[in-house]
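Before any comments, here is the structure.
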There are 4 protein chains.
Amino acid sequence: MPRPSRWNEIVDAAAKLFQEKGYASTSLEDIAGAVGIWKGSLYHYIDSKEELLFAVVREPAAHILDQIREIATLDLPAAEKIRRVAHAHAHTLDETFVYASVYLQEIAGRHHSAEWSAMDREYLSTIVRIVEKGVADGDFAPYVDPRIATLTLIGSLNWMTHWYRPEGALPATAIAEQICTVFLQGAVRRSTS
Amino acid sequence: MPRPSRWNEIVDAAAKLFQEKGYASTSLEDIAGAVGIWKGSLYHYIDSKEELLFAVVREPAAHILDQIREIATLDLPAAEKIRRVAHAHAHTLDETFVYASVYLQEIAGRHHSAEWSAMDREYLSTIVRIVEKGVADGDFAPYVDPRIATLTLIGSLNWMTHWYRPEGALPATAIAEQICTVFLQGAVRRSTS
Amino acid sequence: MPRPSRWNEIVDAAAKLFQEKGYASTSLEDIAGAVGIWKGSLYHYIDSKEELLFAVVREPAAHILDQIREIATLDLPAAEKIRRVAHAHAHTLDETFVYASVYLQEIAGRHHSAEWSAMDREYLSTIVRIVEKGVADGDFAPYVDPRIATLTLIGSLNWMTHWYRPEGALPATAIAEQICTVFLQGAVRRSTS
Amino acid sequence: MPRPSRWNEIVDAAAKLFQEKGYASTSLEDIAGAVGIWKGSLYHYIDSKEELLFAVVREPAAHILDQIREIATLDLPAAEKIRRVAHAHAHTLDETFVYASVYLQEIAGRHHSAEWSAMDREYLSTIVRIVEKGVADGDFAPYVDPRIATLTLIGSLNWMTHWYRPEGALPATAIAEQICTVFLQGAVRRSTS
DNA sequence: AATGAATGAGCCTTCATTCAT
DNA sequence: GATGAATGAAGGCTCATTCAT
């Protein structure tokens with residue numbers, strides 16, 4: 001029975017190390033060592049170190065974008081869509097924590113290829129449109145600036161990579177709920193609620 | 001009276017390059033070249049590359065922590081304190097944009113010395129206490145979890161390094177106002193307002 | 001009867017690549033790729049990369065040496081022998097252009113095994129003897145130094161690998177004729193001819 | 001008293017090794033070892049290995065081209081110009097033997113930059129024009145094809161790198177004289193001379 | 001203060017070769 | 001015969017750091 005190829009082991013090890021030490025500070029020798037092969041052997045699987053970064057990051061990035069795309073098409077009030085966005089985002093973060101962290105540290109905001117910029121842009125603009133509709137429909141307050149508000153929400157969620165731990169006691173769902181509740185209802189107590 | 005030297009030029013150049021390319025990918029030769037001296041000459045100013053990173057980052061970090069400390073001591077309602085926190089944070093980000101970005105990319109959430117961890121922890125806990133008091137006083141809604149809410153706010157603000165540009169048309173003040181308004185009042189339109 | 005295998009394909013591909021990129025800069029993966037097999041599979045045909053170089057080069061080298069040996073035994077005037085040598089040399093170069101180019105680039109003048117040195121030496125000395133006899137018989141001018149003159153001729157012919165193209169308009173025969181005519185008659189116009 | 005920089009030592013060592021083992025088979029470690037420094041230290045002097053190749057080769061190539069250019073402008077019979085070309089070529093080969101050998105092995109006939117192709121082309125065409133004029137003036141025989149004859153001469157001279165040794169008993173001048181005499185007068189004895 | 005040559009370790013990558021399947 | 005994963009050495013190159021001048 002043939003042992004399965006070690007591609008998955010390699011991507012996992014790379015993801016973990018990229019997250020811990022950063023892409024630039026992780027050597028291929030580190031990765032190879034974690035898998036238990038020689039660094040030259042990595043080149044059976046990849047053509048360059050950067051390819052490994054992209055391999056780590058592509059799937060979760062595509063996954064979350066898909067989810068947001070789908071939520072946008074549903075026929076729901078803006079607030080409910082935002083709630084679902086927050087939960088999908090937090091859920092993906094939870095399930096692909098290491099991979100997603102690498103994305104946010106190494107790809108987002110760095111000058112990378114058109115592929116990633118386009119992904120970032122679509123992700124943002126899809127949510128912006130939800131917020132815009134919320135304002136237009138009167139569901140959201142008139143003081144809401146759709147773009148800034150969206151970046152506020154995304155920032156809250158992405159910052160989770162700095163403090164959330166998947167194996168911790170606090171579930172991602174609860175966090176998502178808190179983040180979107182504060183985003184939607186505000187921290188200040190509403191007189192009539 | 002200390003003779004002015006090229007120390008400031010060096011720190012500025014380092015900050016800019018660290019932000020653009022990341023700490024690990026910036027070489028001392030890059031920095032020396034930006035200042036117009038030779039690589040070896042840098043060692044008249046520093047003892048190691050890491051020292052340069054800390055030099056870049058120390059002042060703005062200390063500055064913002066000071067501000068938050070002071071705000072915490074004021075006798076104001078929680079909502080007003082949060083508003084001031086957001087403005088102080090955004091203002092520091094605006095004024096020390098490159099330096100602060102380096103801090104967030106290279107120090108925050110990385111395993112650095114006790115000095116930085118302590119700073120991060122104090123910053124967070126100071127704001128958490130403001131929120132806690134807000135909840136206790138009934139100013140903030142009972143569903144607010146002080147720690148998560150604080151991290152939500154900080155995340156929103158820190159994410160600015162991914163999209164805010166100091167020289168841009170949108171002033172940091174307006175952004176701070178939007179972020180804390182959404183944080184405090186929520187995006188959803190309040191029936192009785 | 002030996003089953004035809006891909007041996008010839010492999011040697012052809014190797015020859016072409018050795019000529020284009022040089023022996024040292026051609027990888028076995030390049031060669032395997034050109035044939036359409038995997039790198040490891042090459043080792044069913046060869047034991048080492050160098051063996052492939054020798055395989056490329058052995059046949060044409062042996063062929064031209066055989067021809068020169070035979071010409072030397074004929075009972076002809078020196079000038080006619082030289083003419084035949086030039087034609088044989090140019091003809092072999094034309095027919096085995098890629099292989100012969102590899103020989104001249106990678107074997108001739110390099111420190112290779114006794115086998116190749118002996119071949120080179122015999123080739124040279126066989127022609128030198130023809131010239132010597134030409135001088136001794138009074139067919140060739142007394143100022144002719146047999147060894148230098150022979151190296152002059154061989155150099156002219158071998159330099160063809162730098163500019164001759166088998167598929168070009170100018171046939172190798174015409175070139176051989178020009179080279180040996182200049183060698184024998186000289187470029188300067190003879191008063192009484 | 002400051003020790004002079006080791007640039008010359010480095011180029012010399014590189015030239016020697018490139019000639020002996022070929023450019024591709026010579027490692028920077030070989031070169032550094034020959035000079036007595038570490039391989040990383042080479043990068044104070046060069047930006048890439050190829051730059052070292054060009055440094056080895058540029059001066060003698062430019063020198064010989066200059067000489068041929070000058071000879072072409074003189075008011076002399078074609079045969080005398082050719083004689084001077086042969087002597088200049090052989091003399092440069094003699095004085096810069098290792099460098100020139102590297103040029104012929106590694107640059108000539110390889111797919112290099114426009115700079116080298118242009119040099120090769122100008123060198124050839126300058127001599128071709130001398131021969132053309134010789135034919136037109138009736139100094140050279142009508143059977144002389146200027147381009148092929150020129151390549152014949154150049155080939156003879158360049159082949160010297162395969163057998164000439166500067167420290168040997170046979171001086172380059174004598175060889176040049178023999179090569180151009182055979183080229184001009186032919187090996188065959190002239191009845192009326 | 002500044003230089004610039006040198007260090008020495010380490011990095012990404014290539015590659016001839018081996019071998020179990 | 002062929003595969004493809006793995007090896008292990010080496011190659012070109014980078015870089016933080018040192019130090020004599």
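FYI, side chains are in, hydrogens and waters are out, and symmetry mates aren't considered; it's all heavy atoms of this structure. Here is the naming used below: chain letters follow the sequence lines, and residue numbers restart at 1 for every chain.
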Could you give the CG-to-C1' distance, from C:Leu42 to F:dG4, as a whole number of Å?
13 Å

To the nearest angstrom, the CD1-C1' distance between B:Ile37 and E:dA1 comes to 9 Å

Quick one: list whatever passes salt bridge (Lys or Arg N to Asp or Glu O under 4.0 Å) with D:Arg58, sequence neighbours left out.
D:Glu115

Determine which pairs satisfy ring pair (Phe, Tyr, Trp, His ring centres under 6.0 Å) with at least one residue from residues 19-53 of chain B, sequence neighbours left out, and list them in order.
B:Phe18-B:Tyr23

Whole angstrom value for the distance that separates C1' of E:dA1 from CD1 of B:Ile10
11 Å

Separation between the P atoms of F:dT21 and E:dA1, rounded to whole Å:
22 Å

Can a donor-acceptor pair be found, under 3.5 Å and without considering hydrogens, that links the side chain of C:Lys49 to the backbone of C:Thr26?
yes

Rounded to the Å, how far apart are D:Ile31 CD1 and F:dG12 P?
8 Å

Any side-chain N or O of B:Tyr45 under 4.0 Å from OP1/OP2 of E:dA1?
no

Dot-bracket, 5' to 3', for DNA chain F please: Watson-Crick or G-U pairs under 3.5 Å, [ ] where pairs cross earlier ones, | where the partner sits on another strand, dots elsewhere.
.||||||||||||||||||||

Which of these, B:Val11, B:Ile31, B:Leu52, B:Ile10, sits in a side-chain contact (heavy atoms from CB on, under 4.5 Å) with B:Ile46?
B:Leu52

Please enumerate all residues that pass salt bridge (Lys or Arg N to Asp or Glu O under 4.0 Å) together with B:Glu50, with sequence neighbours excluded.
none

Test your reading of the model: is there a side-chain donor-acceptor pair from B:Thr96 to the backbone of B:Pro60, 3.5 Å cut-off?
no

Taking the side chain as everything from C-beta on, heavy atoms only, tell me whether D:Val35 gets closer than 4.5 Å to D:Leu42.
no

Does A:Trp38 put a side-chain nitrogen or oxygen below 4.0 Å from OP1 or OP2 of F:dG8?
yes

Reading 5' to 3' through nucleotides 10-16 of chain E, protein heavy-atom contacts under 4.0 Å coded B for base, S for sugar-phosphate only, - for none:
BSBBBBB

Those residues at least two apart in sequence (or on a different chain) that pass salt bridge (Lys or Arg N to Asp or Glu O under 4.0 Å) with D:Asp30 are D:Lys21

